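Single-structure report; data block below.
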Amino acid sequence: MKKILILDGSTRKLGNTSVLLQHFTEGAQNNSVDIEHVLAKDLNIKYCNGCLRCNLIKRCSIRDDDWEKLSQKINEADILVFASPIYFHYVTAPLKNIIDRFRSFVHVQITETGLIHTPWNNWTKDFVLLLSLGSSDDSDAQPVIDLFEYMKEVLGDNNKLHVIKATRLAVIKQVQKTEEELRELYPKLMLDENLAKADFKKNQDVLKECFDLGKELSK
Ligand SMILES: Cc1cc2nc3c(=O)[nH]c(=O)nc-3n(C[C@H](O)[C@H](O)[C@H](O)COP(=O)(O)O)c2cc1C
């Protein structure tokens, strides 16, 4: 049975990120899976303090927070889902805080030309990025995608990255609104209401993409 760990960077309830996750989860539940959902902002995760002791002791030296338990779940998961609204071209702060603690999963050596990263455990995992953007253009998600392209390389030879981006989403649950609801909403967002038809289809497609990915990966 595959283990799925969802690291959810949402900051508001019933946001579009939550809807993407819901569809991914429903797809995954077509198979027999063990799914755990963690809301990053609800965890007690301290900031990485840059002590670099992880390079010597092979784990994070901060002991009085939720990281030890979470890091065990991360290590055990077959599928790691990172879901977040895009905030200033990045994931939200609670999720970034967790990502910084991933430093303790690797040994880092400085060379004359850069850095060499060697993971303590050579992972074979599926990394999933579910990203919700306000912009009509998905390029604001690129810094996050670049980071994860790098992370999946650093953390093992056989990790795979799957990315789903949902664009032009401002208000809660917008991604699942009907065409009529979008037509009513768009003038309030100063958007042309004639976009509603195509956007309804685009949103339905992205939700199906989430469902299908959940179903496919959890086989
Ligand atoms: C602080 C803040 C920063 C944001 N920065 C960006 C951004 O850089 N690019 C973008 O496309 N959308 C940006 N947005 C919009 C959100 O990413 C977008 O509305 C997203 O769909 C919200 O997801 P949610 O419904 O799950 O909360 C920002 C929103 C906030 C509140």
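Excluded from the calculations below are hydrogen atoms, water molecules and symmetry mates; all remaining heavy atoms, backbone and side chain alike, are included. For ligands, and for the atoms within them, numbers begin at 1 and follow the listed sequence. Please read all numbers here as calculations on a predicted model, not as lab measurements.
Note on Asp138 versus Lys165: salt bridge recorded, some NZ/NE/NH1/NH2 to OD/OE distance being below 4.0 Å. Ion pairing between Asp34 and Lys2 fails under the 4.0 Å rule for side-chain N and carboxylate O.
Ring planes of Phe82 and Phe127: parallel class, angle under 30° (limits at 30 and 60°).
For Lys46, the side chain to side chain contact (heavy atoms under 4.5 Å, CB included) test picks out Asn44, Ile62, Asp64, Asp65, Arg101, with sequence neighbours left out.
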Contact table ligand 1 N or O to protein N or O, d under 3.5 Å:
{"from": "ligand 1", "atom 1": "5 (N)", "to": "Ile86", "atom 2": "O", "distance (Å)": "3.3"}
{"from": "ligand 1", "atom 1": "5 (N)", "to": "Phe88", "atom 2": "N", "distance (Å)": "2.8"}
{"from": "ligand 1", "atom 1": "8 (O)", "to": "Phe88", "atom 2": "N", "distance (Å)": "3.2"}
{"from": "ligand 1", "atom 1": "8 (O)", "to": "His89", "atom 2": "N", "distance (Å)": "3.0"}
{"from": "ligand 1", "atom 1": "9 (N)", "to": "Asp140", "atom 2": "OD2", "distance (Å)": "2.8"}
{"from": "ligand 1", "atom 1": "11 (O)", "to": "Gly134", "atom 2": "N", "distance (Å)": "3.2"}
{"from": "ligand 1", "atom 1": "11 (O)", "to": "Ser135", "atom 2": "N", "distance (Å)": "2.9"}
{"from": "ligand 1", "atom 1": "12 (N)", "to": "Gly134", "atom 2": "N", "distance (Å)": "3.1"}
{"from": "ligand 1", "atom 1": "14 (N)", "to": "Ile86", "atom 2": "O", "distance (Å)": "3.2"}
{"from": "ligand 1", "atom 1": "17 (O)", "to": "Ile86", "atom 2": "N", "distance (Å)": "3.4"}
{"from": "ligand 1", "atom 1": "17 (O)", "to": "Ile86", "atom 2": "O", "distance (Å)": "2.6"}
{"from": "ligand 1", "atom 1": "17 (O)", "to": "Ser132", "atom 2": "O", "distance (Å)": "3.4"}
{"from": "ligand 1", "atom 1": "19 (O)", "to": "Leu169", "atom 2": "O", "distance (Å)": "2.7"}
{"from": "ligand 1", "atom 1": "21 (O)", "to": "Ser132", "atom 2": "OG", "distance (Å)": "2.6"}
{"from": "ligand 1", "atom 1": "21 (O)", "to": "Leu169", "atom 2": "O", "distance (Å)": "2.9"}
{"from": "ligand 1", "atom 1": "25 (O)", "to": "Arg12", "atom 2": "NE", "distance (Å)": "3.3"}
{"from": "ligand 1", "atom 1": "25 (O)", "to": "Arg12", "atom 2": "NH2", "distance (Å)": "3.0"}
{"from": "ligand 1", "atom 1": "25 (O)", "to": "Asn16", "atom 2": "N", "distance (Å)": "2.7"}
{"from": "ligand 1", "atom 1": "25 (O)", "to": "Asn16", "atom 2": "ND2", "distance (Å)": "3.0"}
{"from": "ligand 1", "atom 1": "26 (O)", "to": "Asn16", "atom 2": "N", "distance (Å)": "3.2"}
{"from": "ligand 1", "atom 1": "26 (O)", "to": "Thr17", "atom 2": "N", "distance (Å)": "2.9"}
{"from": "ligand 1", "atom 1": "26 (O)", "to": "Thr17", "atom 2": "OG1", "distance (Å)": "2.6"}
{"from": "ligand 1", "atom 1": "27 (O)", "to": "Arg12", "atom 2": "NE", "distance (Å)": "2.8"}

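Counted by atom type alone, Asp157 and Trp123 present zero donor-acceptor pairs between their side chains at under 3.5 Å. For the residue pair Ser10 / Asp8, a side-chain donor-acceptor distance below 3.5 Å is found, with atom types taken as modelled.
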